[in-house]
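Quick note on labels: first sequence line is chain A, next is B, and so on, each numbered from 1.
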2 protein chains.
Amino acid sequence: MSCQPLRTEEHKKEIMAVQDSMDVLNGKWKISIISSICYYNKRRFSDILNDVTGISNKMLSKELKELEINKLIKRTVLDTQPITVQYELTQHGKSLQTIINNLKDWGIKHRKEIIGNTSEPIEENALAENTI
Amino acid sequence: MSCQPLRTEEHKKEIMAVQDSMDVLNGKWKISIISSICYYNKRRFSDILNDVTGISNKMLSKELKELEINKLIKRTVLDTQPITVQYELTQHGKSLQTIINNLKDWGIKHRKEIIGNTSEPIEENALAENTI
DNA sequence: CCGTATCCCCGGGGATACTG
DNA sequence: CAGTATCCCCGGGGATACGG
């Protein structure tokens, strides 16, 4: 986001755009799900259920639906017996790789920043549950 | 995130790093708050309260605290009468600019992708409330 | 196998009032 | 001005069971 003075209208639009991205990626599971599909290229429902530790079928179903609405993944029903469903990233979904990579890099940097400098407690925050 | 096969351990760490970033930025207000401070360079509590339309003092207080814990902003109490408090971005906070910019760009791209291609309804999702 | 339906609980977060 | 305290509601999301 530009921090130079500019018309407030424009500024608000920028914030909206950032929020749009955040909304798409938000939720405890989205990143992990995308990651799972991305990692294996094509992946079935029950597989993802196993990949993403802790997620319930209800949540997985919901998150997948949202990802599909946002055109990040493509759902294909295979007429096996019983039917299986395959998920894969769309081109649009793949375009997320860059941004996810950026988030990853900053996340690593952040972790160093927080843990490195002081031994201050981190609260129940971001790093609290993940540290080490 | 790398989608080439690699050890699962490594893969999980990458996802954690992405989640760390997401956690820091998460919450309806964080981006707007950062943006407000960034835009004006230094900003007082009540000013931010006005900048970010819809936020309550309780939420602002809470979010600012989290941002401070994560070392993205610096809090300074000025001994005016009555006291005022000034917030500004730290160096670490400023390092977010790049990533926020990336999120902004992808957000714009995403909006085009969703609205552009079809006239499909977008549900209660991301764009639903912000569109136009 | 791939989900949907139902129940239920807990905490995020708004409104309002109060303090240093 | 810069927060805290309190009350209260609503929905996110877990557990479990069921349907195509």
Side-chain angles (χ1 to χ4, degrees), chain A residues 19 22-34 36-37 40 42-70 72-89 123-126 128-129, chain B residues 19 22-34 36-37 40 42-70 72-89 123-126 128-129:
Chain A
Q19 286 296 358
M22 291 299 290
D23 290 344
V24 171
L25 262 14
N26 250 351
K28 215 163 140 189
W29 311 108
K30 294 255 169 61
I31 305 267
S32 300
I33 293 171
I34 292 173
S36 163
I37 298 173
Y40 291 101
K42 291 166 195 274
R43 204 68 174 151
R44 296 200 340 242
F45 188 89
S46 55
D47 292 330
I48 304 175
L49 209 54
N50 284 326
D51 294 342
V52 183
T53 48
I55 196 171
S56 65
N57 48 356
K58 177 178 147 193
M59 273 302 103
L60 179 55
S61 173
K62 188 189 139 219
E63 302 275 67
L64 283 171
K65 211 172 284 173
E66 291 177 12
L67 290 174
E68 200 191 355
I69 289 173
N70 281 316
L72 300 181
I73 61 174
K74 179 165 161 266
R75 195 185 103 114
T76 317
V77 179
L78 307 176
D79 58 347
T80 53
Q81 198 50 253
I83 55 157
T84 54
V85 182
Q86 196 170 72
Y87 294 92
E88 57 193 311
L89 291 187
E123 306 282 294
E124 77 302 328
N125 231 288
E129 51 231 276
Chain B
Q19 285 298 356
M22 291 300 291
D23 290 344
V24 171
L25 261 14
N26 250 351
K28 214 163 139 191
W29 311 108
K30 293 256 170 60
I31 306 267
S32 299
I33 294 171
I34 292 173
S36 162
I37 298 173
Y40 291 101
K42 292 167 195 271
R43 205 66 174 153
R44 296 198 341 239
F45 188 89
S46 55
D47 293 329
I48 304 174
L49 208 54
N50 284 327
D51 294 343
V52 183
T53 48
I55 197 172
S56 65
N57 48 357
K58 176 178 147 192
M59 273 302 102
L60 179 55
S61 173
K62 188 189 138 219
E63 302 275 68
L64 283 172
K65 212 171 285 174
E66 292 178 13
L67 290 174
E68 200 192 354
I69 288 173
N70 281 317
L72 301 182
I73 61 175
K74 179 165 160 266
R75 196 185 102 113
T76 317
V77 179
L78 307 176
D79 57 348
T80 52
Q81 199 51 253
I83 56 157
T84 53
V85 181
Q86 197 171 70
Y87 294 92
E88 57 193 310
L89 291 188
E123 305 282 293
E124 76 303 326
N125 231 290
E129 50 232 280

Per-pair distances, 0.1 Å, donor-acceptor, side chain in residues 76-85 of chain A, under 3.5 Å, sequence neighbours excluded:
from: A:Thr80; atom 1: OG1; to: A:Pro82; atom 2: O; distance (Å): 2.7
from: A:Thr80; atom 1: OG1; to: A:Thr84; atom 2: N; distance (Å): 3.2
from: A:Thr80; atom 1: OG1; to: A:Thr84; atom 2: OG1; distance (Å): 3.2

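- Proximity note for B:Thr84 (side chain, C-beta onward) versus C:dG3, D:dA2, C:dC1: the nearest is D:dA2.
- What separates CD of B:Glu68 from P of D:dA2 is a distance of 14 Å, to the nearest Å.
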- Query: What do the steps show when you test B:Tyr87 against B:Ile33 for side chain to side chain contact (heavy atoms under 4.5 Å, CB included), and what is the final call?
  - Reply: CA-CA 10 Å; B:Tyr87 294 92; B:Ile33 294 171; over 6 Å; no
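- Counting heavy atoms from C-beta on, the side chains of A:Tyr40 and A:Asp47 never come closer than 4.5 Å.
- Residue B:Val85 places its side chain closer to D:dG3 than to any other of D:dG3, C:dC2, D:dC1.
- Side-chain contact between A:Ile48 and A:Leu60 is present, with heavy atoms from C-beta onward closer than 4.5 Å.
- Taking 4.0 angstrom as the limit, B:Tyr87 places a side-chain polar atom (N or O) nearer than this to OP1 or OP2 of D:dG3.
- For A:Asn50 and C:dC2, the CG to C1' distance is 14 Å, given to the nearest whole Å.
- Summarising the geometry, the separation between CZ on A:Arg43 and P on C:dC1 is reported as 13 Å, rounded to the nearest angstrom.
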- With sugar-phosphate taken as primed atoms, P, OP1 and OP2 and all else as base, the protein-contact string of nucleotides 5-20 of chain D at under 4.0 Å (heavy atoms; B, S, -) is -B------BBBBB---
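- Here the closest heavy-atom approach between residue B:Ile37 and residue B:Glu88 is recorded as CG2-CA, 3.6 Å.
- Between the CG atom of A:Leu60 and the P atom of C:dT4 there is a distance of 10 Å, rounded to whole Å.
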- Message: Could you walk me through whether A:Ile34 and A:Leu25 satisfy the side chain to side chain contact (heavy atoms under 4.5 Å, CB included) test, starting with their C-alpha distance in whole Å, then the side-chain angles of each, then the deciding distance to 0.1 Å, before giving a yes or no?
- Response: CA-CA 9 Å; A:Ile34 292 173; A:Leu25 262 14; 4.3 Å; yes
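- At least one side-chain nitrogen or oxygen of A:Ser61 sits closer than 4.0 Å to the OP1 or OP2 atom of C:dT4.
- The CG-C1' distance, from A:Asp47 to C:dC2, rounds to 12 Å in whole Å.
- A salt bridge between B:Glu66 and B:Lys30 is present, with a side-chain N of the basic residue lying under 4.0 Å from a carboxylate O of the acidic one.
- Look at CG on B:Leu49: it is 10 Å from P on D:dC1, rounded to the nearest Å.
- Rounded to whole angstrom, the span from the CG atom of A:Leu78 across to the C1' atom of C:dC2 amounts to 12 Å.
- Put simply, CZ on A:Arg44 is 10 Å from C1' on C:dC2, counting in whole angstrom units.
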